[in-house]
Amino acid sequence: MEQYFRQQLDCLCKNVRPADPSAMEASRRRWDGIAKPIGGLGLLEEMITKIAGIRRSEDVALRRKGVVVFCGDNGVVEEGVAQADSTVTLAVAENFAKGVASVNRMAAVAGADVLPVDLGVAGEIREPGVLVHKIARGTANFHKGPAMALGQALEGIHEGIRIAGERKGAGYDILAVGEMGIGNTTTASALASVLLGLPVESVTGRGAGLPREGLDRKIQVIKEAIALHRPDPGRPLELLASLGGFDIAGMCGLMLGGAIYQVPVVLDGMISLAAALLAQKLCPLVTDYLLASHKGKEPACGPALARLELEPLIHGRLALGEGTGAVLLFPLLDMAEAVYRGNHTFADIRMAAYEKYEEYEGPGPAAGSGANPLG
């Protein structure tokens with residue numbers, strides 16, 4: 001089964017194509033023809049254009065939006081790296097199903113559906129509305145051994161890919177990723193340290209809240225786990241199995257699925273960025289299909305976004321998780337789409353179009369040089 005999953009993943013990733021440059025160019029021309037300053041909506045224009053490339057059409061319409069929240073517990077919590085225990089993962093996962101968690105409230109305002117997925121919650125979810133594909137009752141403690149078997153890591157990725165395809169088939173135009181799992185800033189920090197080649201101290205934060213001694217303990221646990229496993233960043237599947245979580249595996253799969261099925265995927269905070277770094281290792285073209293919503297509070301967020309070459313629209317010091325930061329992007333994209341689809345063009349109002357000039361890169365000649373700064 002493990003070999004089959006590997007071969008299938010390789011085959012799927014080989015079929016991923018870059019975002020369509022002709023659709024993106026058509027989208028840029030459309031933006032430039034709208035009666036407003038060229039590039040006036042900045043990153044929002046670029047994101048709509050990127051979505052055009054993903055959809056392979058300049059006709060962008062984001063009618064149906066979804067948030068997929070992957071839930072799973074992490075055995076490393078045994079090492080005292082988090083404030084809470086696994087009972088919180090279960091409680092919040094059930095709140096997703098009840099529609100009363102933070103991401104539900106925000107998604108309702110944004111007109112998005114929330115799909116919670118149990119890939120590895122330690123407890124038994126009894127609330128209907130959760131998609132249950134429990135790989136195990138939480139991962140093992142990576143401070144003592146691998147977090148999961150390689151086959152389990154592959155299973156989590158494939159479930160994410162499957163969900164992306166199912167959501168595309170159900171008519172979703174854009175998806176966002178979210179997660180819930182006590183201890184997952186520890187797993188994400190460990191992965192980020194290896195994938196970015198940065199010291200553990202520089203990518204590890206306080207998560208949901210730790211005192212100084214708690215943060216020191218978290219850093220030490222990650223260092224010792226990396227020393228134990230000696231992971232190779234060039235072998236992302238083995239790295240995921242050694243230090244990752246089921247939620248990260250599922251998000252990684254959903255991102256790969258976005259590339260395979262040509263659906264834009266909005267990233268959330270640090271845990272989703274760790275998943276994106278893994279997805280990039282497995283399929284470099286996956287970043288053509290990803291949108292960065294915000295730069296989160298965790299210290300790994302900046303370096304991870306830089307490695308992915310993604311620029312976030314929101315800088316809000318967010319640290320909630322669940323997909324809440326990703327959901328914030330949806331209304332902003334809706335507003336940009338309204339301008340893109342509905343505004344008059346220069347031709348409509350019989351006005352000369354703005355001309356496009358090179359970006360201004362610095363001050364002109366010094367005063368008294370004799371040069372005319374206005375040309």
Side-chain angles (χ1 to χ4, degrees), residues 1-13 67-76 86 89 93 96 115-123 125 130-142 145-167 175-188 190-192 194-195 229 231 235-261 265 267-268 271-283 286 321 323:
M1 180 64 74
E2 182 181 305
Q3 185 64 23
Y4 169 76
F5 272 159
R6 274 181 178 267
Q7 291 173 347
Q8 190 181 49
L9 183 59
D10 288 342
C11 183
L12 289 170
C13 287
V67 190
V68 184
V69 186
F70 293 95
C71 307
D73 278 299
N74 299 282
V76 71
S86 62
T89 305
F96 294 145
L115 174 66
V117 182
D118 173 10
L119 288 185
V121 178
I125 294 177
V130 178
L131 177 61
V132 178
H133 187 105
K134 199 184 293 285
I135 298 168
R137 292 180 179 275
T139 59
N141 182 351
F142 73 38
M148 64 188 87
L150 186 58
Q152 292 177 318
L154 284 161
E155 187 177 353
I157 290 172
H158 276 279
E159 182 62 9
I161 293 173
R162 187 196 69 77
I163 290 170
E166 182 269 326
R167 297 280 100 176
L175 297 172
V177 291
E179 41 61 39
M180 178 59 213
I182 298 301
N184 61 9
T185 61
T186 302
T187 57
L191 293 171
V194 176
L195 289 166
H229 298 291
R235 299 174 67 87
L237 292 175
E238 287 78 0
L239 172 59
L240 172 61
S242 295
L243 298 172
F246 293 130
D247 53 349
I248 292 174
M251 287 190 291
C252 176
L254 192 86
M255 295 168 201
L256 294 172
I260 292 162
Y261 296 107
V265 176
L267 304 181
D268 191 35
I271 296 99
S272 72
L273 290 171
L277 291 170
L278 285 169
Q280 182 186 47
K281 282 286 187 181
L282 291 165
C283 177
V286 74

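- The two atoms that bring Leu240 and Ala153 nearest to each other are CD2-CB, 3.8 Å, heavy atoms only.
- Taking CG of Asp118 as the start and CG of Asp247 as the end, the distance is 11.0 Å to the nearest 0.5 Å.
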- request: Walk me through it: do Arg137 and Ser86 pass the test side chain to side chain contact (heavy atoms under 4.5 Å, CB included)?
  value: CA-CA 10 Å; Arg137 292 180 179 275; Ser86 62; over 6 Å; no
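- Side-chain atoms of Asn74 come within 3.5 Å of backbone atoms of Ile182 as a donor-acceptor pair (strictly under, hydrogens ignored).
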- request: Would you please test Glu166 and Leu131 for side chain to side chain contact (heavy atoms under 4.5 Å, CB included) and show each step?
  value: CA-CA 12 Å; Glu166 182 269 326; Leu131 177 61; over 6 Å; no
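- Residues Val121 and Cys71 approach most closely at CG2-CB, 3.7 Å, considering heavy atoms.
- Annotation for Gly250 and Phe70: closest pair O-CZ, 3.4 Å, computed over non-hydrogen atoms.
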task: Determine, step by step, whether Leu237 and Leu282 satisfy the side chain to side chain contact (heavy atoms under 4.5 Å, CB included) criterion, reporting the C-alpha distance in whole Å, the side-chain angles of both residues, the deciding distance to 0.1 Å, and the verdict.
output: CA-CA 8 Å; Leu237 292 175; Leu282 291 165; 3.9 Å; yes
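- Thr139 approaches Ala147 most closely through the heavy-atom pair CB-O, 3.3 Å.
- Residues Phe142 and His229 approach most closely at O-NE2, 2.8 Å, considering heavy atoms.
- Rounding to the nearest 0.5 Å places CD1 of Ile260 at 10.5 Å from CG of Leu254.
- No hydrogens or angles considered: a donor-acceptor pair under 3.5 Å links the side chains of His133 and Glu155.
- For the atom pair CG (Leu278) and CG (Leu191), the distance works out to 5.5 Å, reported to the nearest 0.5 Å.
- Atom CD of Glu179 is separated from atom CZ of Phe246 by 15.5 Å, given to the nearest 0.5 angstrom.
- In summary, of the residues considered (Val177, Ile157, Val69), a side chain to side chain contact (heavy atoms under 4.5 Å, CB included) with Met251 occurs for Val177 alone.
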field: Leu154 and Leu9: CA distance, side-chain angles, deciding distance, side chain to side chain contact (heavy atoms under 4.5 Å, CB included) verdict
entry: CA-CA 8 Å; Leu154 284 161; Leu9 183 59; 4.1 Å; yes
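- Summarising the geometry of Met255 relative to Ala275, their closest heavy-atom pair is CE-CB, 3.8 Å, with the distance given to 0.1 Å.
- Considering only heavy atoms from C-beta on, Leu239 comes within 4.5 Å of Val194 through its side chain.
- Using a 4.5 Å heavy-atom threshold, the side chains of Thr187 and Ile271 count as separate.
- Distance CD/Gln8 to NE2/His158: 5.0 Å, rounded to 0.5 Å.
- For the atom pair Met148 CE and Ile135 CD1, the distance stands at 7.5 Å (nearest 0.5 Å).
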